[in-house]
Enquirer: 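Before I ask anything, here is the structure I am working with.
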Amino acid sequence: MISILAIHEFDPIRNIFIDFGFVTWYKYSLMILIGIVIAVVLGLREGKKLGVKGSDIIDGILIVVPLSIVGTRLWYVIFEFGNRYLPTFQNKGFIAGLTDVINISDGGLAIHGGFITAFIAVYFYTKKKGVNVFSAFDIMVPGFLIAQASGRWGNFFNQEAHGGMIGGVNDAGTPLLDLDAQRSFLEETLHLPDFVTDNMLISERPSAGFMVPDLSPGADAGDLIRAAYYHPTFLYESIWNIVGFIIVLLLRRTKWVKSGEFLAFYLIWYSIGRFFIEEMRTDSLYVLNTGIRTAQLISILMIIGGIVYIYLIRKVFKTKPYYEVIKEFEGVDVDGNDKPNKPTKIFGEKSQEQNATTNEEEAL
């Protein structure tokens, strides 16, 4: 039911976490940092089970993470250079343009660039360190999924990476639903909490939406601004990644997956979700002037790559089942700290006690 009492005020959540005066820490980077920390903790725990030293993982993170951030930024800048950055270079000079390119405080990171950079860097790092590259990929995948899920909330605080206006617009650009109906979709259909719903009231452009009170910083009392409610595609992708993360955790304790195959799962799972969610977004990067969304094209290529990778894992590389790699390192002190790995429960596998009981029954 549509609430006619809904109050619509443009009052976005503050996107600054801490302002030290000389430097500002934005919530966007905070959410990315939280995702990285979770990924590191998970990687250290599973890496030990796969025979990878914690020190090798930490050293790899110190190399791969900065390179990945550079990769995400370069990918975004390359595809947005003509529209967003070239005018700054032309009108304000080289220094101002370069400063704009390296400024990520207001967003502008494209995950596909980070993904490609990260996996290339990991490949060469494992070769140098003598670490099994398939185990390294398996360690990375759940971390990537949960880090991306966390990072999307950074987009939320910046009011970016959202979808189109709820209900859409007609040919003249007039919204097809009023504000009450738009808000009702978020509250009563998606059952979102108020803080999410409130922050999806976005002023994207002067000609779109309805006039509402402007309570944002810098606005004067009585000011109005044109705004509307938009689809929270950041949330759709975050949930999709969390579901994928949970599936990976479950599959890791089964006998179905080969070592290295979680990379294929990531390529296929993430790309399926991203392909459809990208269609809803209003800030897509495009391949030149073709009208082809870059993320959708890359998603198709990643899905194909994931399928080919599964074939290579099973028919060419013929890696061991993931659970067998874990079993190899049970009781092994990988890090040399007198803490050998404990047995890992595999779904469908009997414990030693169950096997002993079965043997006794068979003997009788």
Side-chain angles (χ1 to χ4, degrees), residues 7-40 65-66 68-77 80 84-85 88 92 95-111 113-114 146-163 183 186 192-206 208-209 212-239 241-242 281-283:
I7 298 176
H8 314 288
E9 297 174 331
F10 181 71
D11 187 15
I13 296 174
R14 180 176 167 85
N15 68 346
I16 296 175
F17 179 55
I18 299 176
D19 190 349
F20 295 100
F22 61 93
V23 65
T24 304
W25 186 0
Y26 288 87
K27 292 178 182 176
Y28 181 82
S29 56
L30 171 67
M31 298 311 299
I32 292 176
L33 178 62
I34 290 174
I36 292 174
V37 170
I38 296 174
V40 170
V65 170
S68 297
I69 294 174
V70 172
T72 59
R73 184 59 173 176
L74 282 177
W75 189 274
Y76 182 84
V77 170
E80 278 289 282
R84 178 170 176 180
Y85 300 102
T88 304
K92 298 183 179 181
I95 299 299
L98 183 60
T99 301
D100 196 20
V101 165
I102 64 177
N103 177 25
I104 62 172
S105 62
D106 61 345
L109 302 178
I111 189 59
I146 202 65
Q148 288 176 241
S150 176
R152 281 305 176 201
W153 284 89
N155 298 132
F156 164 73
F157 290 116
N158 279 350
Q159 289 192 319
E160 62 188 8
H162 56 76
R183 187 179 181 93
L186 297 174
L192 300 183
D194 286 344
F195 81 94
V196 175
T197 299
D198 292 342
N199 216 49
M200 295 317 297
L201 181 62
I202 297 171
S203 177
E204 186 176 59
R205 56 186 187 273
V212 298
D214 185 0
L215 305 184
S216 62
D220 295 325
D223 281 356
L224 298 176
I225 191 170
R226 194 173 294 279
Y229 291 96
Y230 288 79
H231 280 280
T233 47
F234 84 91
L235 179 62
Y236 303 158
E237 187 172 328
S238 182
I239 292 173
N241 288 332
I242 291 173
R281 287 178 55 170
T282 61
D283 60 346

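The shown structure was predicted, so the numbers you read here are calculated from the model rather than taken from an experiment. Heavy atoms only: backbone and side chains are in, while hydrogens, waters and symmetry mates are out.
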Enquirer: Roughly how far, to the nearest 0.5 Å, is the CD1 atom of Ile32 from the OH atom of Tyr26?
Expert: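 That separation rounds to 14.0 Å.
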Enquirer: Counting C-beta onward and ignoring hydrogens, is there a side-chain heavy-atom pair between Ile102 and Arg73 closer than 4.5 Å?
Expert: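 The answer is no, as the side chains (C-beta and beyond) never meet within the 4.5 Å cut-off.
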Enquirer: Minimum heavy-atom separation for Pro232 and Leu186, please, with both atom names.
Expert: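 It is CD-CD2, 3.8 Å.
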Enquirer: First locate atom CZ of Arg281, then atom CD of Glu160, and finally report the distance between them rounded to the nearest 0.5 Å.
Expert: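 Atom-to-atom, Arg281:CZ and Glu160:CD are 8.5 Å apart.
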Enquirer: Give the C-alpha distance, both sets of side-chain angles, the deciding distance and a yes or no for side-chain contact (heavy atoms from CB on, under 4.5 Å) between Leu33 and Phe17.
Expert: CA-CA 12 Å; Leu33 178 62; Phe17 179 55; over 6 Å; no
Enquirer: Would you name the heavy atoms of Ala227 and Val212 that are closest together and state the gap between them?
Expert: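 In this case the closest contact between Ala227 and Val212 is CB-CG2, 4.1 Å.
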Enquirer: Could I get the full list of side-chain hydrogen bond (donor to acceptor under 3.5 Å, both in side chains) partners for Ser238, not counting sequence neighbours?
Expert: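 Ser238 satisfies side-chain hydrogen bond (donor to acceptor under 3.5 Å, both in side chains) with Trp153 only.
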Enquirer: What are the two closest heavy atoms between Gln148 and Asn241, and how far apart are they?
Expert: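 It is CB-ND2, 3.5 Å.
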Enquirer: Test Leu192 against Leu235 for side-chain contact (heavy atoms from CB on, under 4.5 Å), laying out the working first.
Expert: CA-CA 10 Å; Leu192 300 183; Leu235 179 62; 3.4 Å; yes
Enquirer: Mind listing the closest non-hydrogen atom pair of His231 and Tyr236 along with its distance?
Expert: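 That closest heavy-atom pairing would be ND1-OH, 3.1 Å.
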Enquirer: Kindly determine whether Tyr230 and Gln159 satisfy side-chain contact (heavy atoms from CB on, under 4.5 Å), including the steps that lead there.
Expert: CA-CA 10 Å; Tyr230 288 79; Gln159 289 192 319; over 6 Å; no
Enquirer: Kindly say whether Ile111 contributes a backbone atom to a donor-acceptor pair with the side chain of Thr72 at under 3.5 angstrom?
Expert: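 Answer holds: no.
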Enquirer: Are Asn15 and Tyr28 side-chain neighbours, meaning at least one heavy-atom pair lies under 4.5 Å?
Expert: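 No, their side chains stay 4.5 Å or more apart.
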Enquirer: Would you please name every residue forming a side-chain hydrogen bond (donor to acceptor under 3.5 Å, both in side chains) with Ser216, sequence neighbours left out?
Expert: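 Residues passing side-chain hydrogen bond (donor to acceptor under 3.5 Å, both in side chains) with Ser216: Asp214.
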Enquirer: Identify the two heavy atoms, one from Ile69 and one from Leu109, that lie closest to each other, and give their separation to 0.1 Å.
Expert: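 Nearest heavy atoms, Ile69 then Leu109: O-CD2, 4.4 Å.
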Enquirer: Treating Thr99 as the side-chain partner and Ile95 as the backbone partner, does any N or O pair qualify as donor plus acceptor under 3.5 Å?
Expert: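 Present.
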Enquirer: For the residue pair Tyr76 and Arg84, confirm or rule out a side-chain donor-acceptor distance under 3.5 Å.
Expert: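 Judged by distance alone, the side chains do pair up.
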Enquirer: Could you report the tightest heavy-atom contact between Arg226 and Ser203, atom names first, then the distance?
Expert: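 Result for this residue pair: O-OG, 2.9 Å.
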Enquirer: Which value, rounded to the nearest 0.5 Å, describes the distance between Phe10 atom CZ and Asp198 atom CG?
Expert: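 Between Phe10 CZ and Asp198 CG, I get 12.0 Å after rounding to 0.5 Å.
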Enquirer: Dump the intermediate steps for side-chain contact (heavy atoms from CB on, under 4.5 Å) on Thr197 and Tyr229, then the final yes or no.
Expert: CA-CA 8 Å; Thr197 299; Tyr229 291 96; 4.3 Å; yes
Enquirer: Considering residues at least two apart in sequence or located in another chain, which fulfil the side-chain contact (heavy atoms from CB on, under 4.5 Å) criterion with Thr88?
Expert: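 With neighbours one apart ignored, the set is Lys92, Ala96, Asp100.
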Enquirer: So, does Thr24 use its side chain to make a donor-acceptor pair with the main chain of Asp19 at under 3.5 Å?
Expert: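 Answer holds: no.
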Enquirer: Got a second to check how far Arg152's CZ is from Phe157's CZ, nearest 0.5 Å?
Expert: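 So the gap between those two atoms works out to 14.5 Å.
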Enquirer: Compare all side-chain heavy atoms of Lys27 with those of Phe156 and state whether any distance is below 4.5 angstrom.
Expert: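 They are not in contact (no side-chain heavy atoms under 4.5 Å apart), so the answer is no.
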Enquirer: Once you round to the nearest 0.5 Å, how far does NE2 of His162 lie from CD1 of Ile202?
Expert: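 The distance works out to 4.0 Å.
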